[in-house]
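Notes for the one structure printed next.
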Amino acid sequence: MSTSPSFWLDSIGPLDARRPALPGDRDADVAIVGGGYTGLWTAYYLAKSDPSLRIVVLEAEFCGFGASGRNGGWASGLFPVSEAKLARRHGAEAAAAMHTALGDAVDEVGRAAAAEGIDCDYAKGGTISLVRSPAQLRRARDADGFLDAAQARAVCDAHGVLGGIYSEHCAALHPAKLVRGLAETVERLGVTVHEGTRALRIGRGTVTTGHGTVRAGTVVRALEGYTAGLAGHRRSLAPVYSLMVATEPLPASFWDRVGLARRETFTDERRMVIYGQRTADDRLAFGGRGAPYHYGSRVRPEFDRVPAVFEALRRTIGELFGVEPPIAARWGGPLGIPRDWMPSVGLRDGVAWAGGYVGDGVAAANLAGRTLADLIRGTESDLTTLPWVNHRSRRWEPEPARWLGINAGLRATALLDAWDRRTVA
C-alpha cells in the first residue's frame, strides 16, 4: 500500500534529491509560489517567450507534491461553471470562447509534453459519462454527445448502463510523470526552482519565506488546495478532499469485456463525482469525492486517508464492473474550491493568481499558465479576454458557518444520488 502522497509518485520512483531550498534573500523578475501544474506551466511559457526573465519557483515540499502529483490523470475540457451560466453572466460569445479554450488546452498539454520529450502516457480517447438510472437518463437525453445504451456500452460496458454522454475533449495521462517532466523542463530553460521553501506571506513585490525574502516585479500565487495556509488567504479557497485507489494490473479478459480501448476516461451522472481511467499499464485508477471538509480549512497528511471513502470506491468498482480487483494503492489530497465554483486567473497590483479548478485543473492549469504569461508580459491576446480573467470570487464564510455549509452540501449531494437510484422512469 502506498505511503507517499500518491500511487503516481510511487510508480515513477523516488526523487534522486530535492532541489535546494532558497539560500537567502534574492531578486527576480517573477516569483512563483507553488511547484504544481499552474506554477510550472506559467514558468514554462514565460521562459519560452522571454528567456531573459529571472524566474524563481518556490515550492514548500517538492514539485508535484500536491494535486498535480495526485489527481485522476484527466486532462479535460471540463469547467465547473456551465456554458449556459457563463453565457448569462458574460454573454454567449465569451462563454463559447472559454469552453473552446479549455478544449484546445487538452491538445496543448499533449503538444507541449511531446515537444519537450515528457513521456506522460498521454492518450486522447475522450471521456464518457455513463447514465445508470432512469432519473439520470431523463437529465441526460438532451445533452450534446448523448449516446444510447448500445453506443455507451461499446465504449465502456459497465453494469446497468442506459446511455452516456461522450466528449472528445479529454486525454488520460500519468500526472506525476507530467509534473516531474515539467519541473525538469523549466530548469533546462533557465528557471530556478527551490523546493523545501514554504511561502509564509505574499504581497506586492515580495514573497516572505522561512529561508529569506524574494523581491520580484510580479508575484504569482499558484497554491490551489493549499492556498488557505497562506497568511491572509484562509477563506479564499476551501480545501475539499478527493480520494483515489489504483488496482493491480488487470488481465486482458477484463479489458476485452469492459472496453475503454482508447483509454477513454469515465464517470457517471451521479452528483457526487467519481472518475476513472485505464492506465497505460492496464490498471484502474479510480477516485471520488465524499471525504469531509475539515474545520478551519485545515490540510493535514492524515486527511489523505479516509477508510470509509476508500471502501466506497472499492464497492463502486464492483457495482460498475462486477469485480473485486486487488487494490494496490490508496491516497488522497485537497482540491481548491472557490465560493462560487468559478476558477479564475488574474493580475492586479503586481500580484497574479490562478486556481480554484474544483478538481478539473490538469488542462485548465495549462490554459492558466499561458494566460498568466500574457498578463505578466503585458501582451493582449484572446486568452486575456476570457471570462475567468480577473474574476474575483467572494470569500468563504467564517467558521463555523463554512464547516456546516460545506459538509451539509456534501451530505445533501449523497442523499440526492440515493434518491435518484430509487426513482423509476
Side-chain angles (χ1 to χ4, degrees), residues 1-11 61 64-74 132 158-159 175-176 224-226 228-229 238-250 254 265-268 270-279 283-337 358-359 399-400 402-421:
M1 184 183 297
S2 172
T3 56
S4 84
S6 80
F7 158 78
W8 302 116
L9 291 163
D10 277 348
S11 70
E61 298 289 345
F65 174 83
S68 298
R70 309 189 198 193
N71 65 82
W74 288 39
R132 300 181 61 245
H159 288 180
E224 194 55 3
Y226 295 85
V240 174
Y241 278 73
S242 193
L243 274 60
M244 291 196 70
V245 299
T247 71
E248 297 289 356
L250 300 175
F254 173 83
T265 63
F266 67 93
T267 180
D268 71 10
R270 72 185 73 193
R271 296 173 179 86
M272 188 71 80
V273 174
I274 60 168
Y275 50 93
Q277 69 147 293
R278 176 182 182 174
T279 67
R283 302 172 190 264
L284 268 178
F286 188 74
R289 314 276 169 85
Y293 162 79
H294 298 278
Y295 193 93
S297 294
R298 292 174 298 165
V299 174
R300 294 180 180 173
E302 58 265 32
F303 299 159
D304 297 347
R305 311 185 69 79
V306 183
V309 176
F310 291 139
E311 172 57 22
L313 292 174
R314 185 200 62 76
R315 190 168 59 248
T316 302
I317 291 173
E319 292 169 358
L320 287 168
F321 303 116
V323 296
E324 293 187 8
I327 303 297
R330 300 167 174 86
W331 73 97
L335 313 171
I337 312 289
V358 196
E399 298 291 18
R402 186 160 76 252
W403 181 87
L404 289 167
I406 294 173
N407 285 319
L410 289 170
R411 178 61 177 161
T413 299
L415 289 172
L416 284 170
D417 283 337
W419 177 258
D420 272 1
R421 289 192 293 271

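- Residue Glu324 qualifies as open at atom CD: its count of foreign heavy atoms under 6.0 Å is 12 or below.
- A donor-acceptor pair under 3.5 Å links the side-chain atoms of Ser242 to the main chain of Gly288, judged by distance alone.
- To the nearest 0.5 Å, the span separating CZ on Arg315 from CZ on Phe310 amounts to 14.0 Å.
- Pairing each heavy atom of Asp304 with each of Gly333, the nearest pair is OD1-CA, 3.9 Å.
- In this structure, Phe254 and Phe321 have perpendicular ring planes: the angle between them is above 60°, well past the 30° mark.
- Atom CZ of Arg132 sits about 6.5 Å away from atom CD of Glu319, to the nearest 0.5 Å.
- Atom CZ of Phe286 sits about 5.5 Å away from atom CD1 of Ile317, to the nearest 0.5 Å.
- No donor-acceptor distance shorter than 3.5 angstrom exists from the side chain of Trp74 to the backbone of Phe266, with no hydrogens or angles considered.
- Looking at heavy atoms from C-beta onward, Asp10 lies out of side-chain contact with Trp331 at the 4.5 angstrom threshold.
- Summarising the geometry, atom CD1 belonging to Ile337 is positioned 8.0 Å from atom CD1 belonging to Ile406; distances are rounded to the nearest 0.5 Å.
- The closest side-chain heavy-atom distance from Arg305 to Arg330 is below 4.5 Å.
- Interatomic distance, CE of Met272 versus OG1 of Thr316, reported as 11.0 Å (0.5 Å rounding).
- In this structure, Tyr275 and Gly72 approach most closely via the heavy-atom pair CE1-CA, 3.8 Å.
- The two residues Pro175 and Asn71 come nearest to each other via the heavy atoms CB-ND2, 3.3 Å.
- Nearest heavy-atom pair, Ala291 versus Tyr241, reported as atom, atom and distance to 0.1 Å: CB-CB, 3.8 Å.
- Asn407 places no side-chain N or O within 3.5 Å of a backbone atom of Pro292 that could act as its donor or acceptor partner.
- With sequence neighbours left out, the salt bridge (charged side-chain N to carboxylate O under 4.0 Å, His left out) criterion links Glu399 to Arg402.
- Residues Met244 and Arg70 share a closest heavy-atom pair of SD-O, 3.6 Å.
- Using a 4.5 Å heavy-atom threshold, the side chains of Arg278 and Leu250 count as separate.
- The side-chain heavy atoms of Arg289 and Leu335, taken from C-beta on, include a pair separated by under 4.5 Å.
- More than 12 non-hydrogen atoms from other residues, nucleotides or ligands lie less than 6.0 angstrom from CZ of Arg271.
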Check against side chain to side chain contact (heavy atoms under 4.5 Å, CB included), Ile327 and Phe7
CA-CA 11 Å; Ile327 303 297; Phe7 158 78; over 6 Å; no

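- To the nearest 0.5 angstrom, Asp268 atom CG is 8.0 Å from Asp417 atom CG.
- When every heavy atom of Leu9 is checked against every heavy atom of Gly64, the shortest pair comes out as CD1-O, 4.0 Å.
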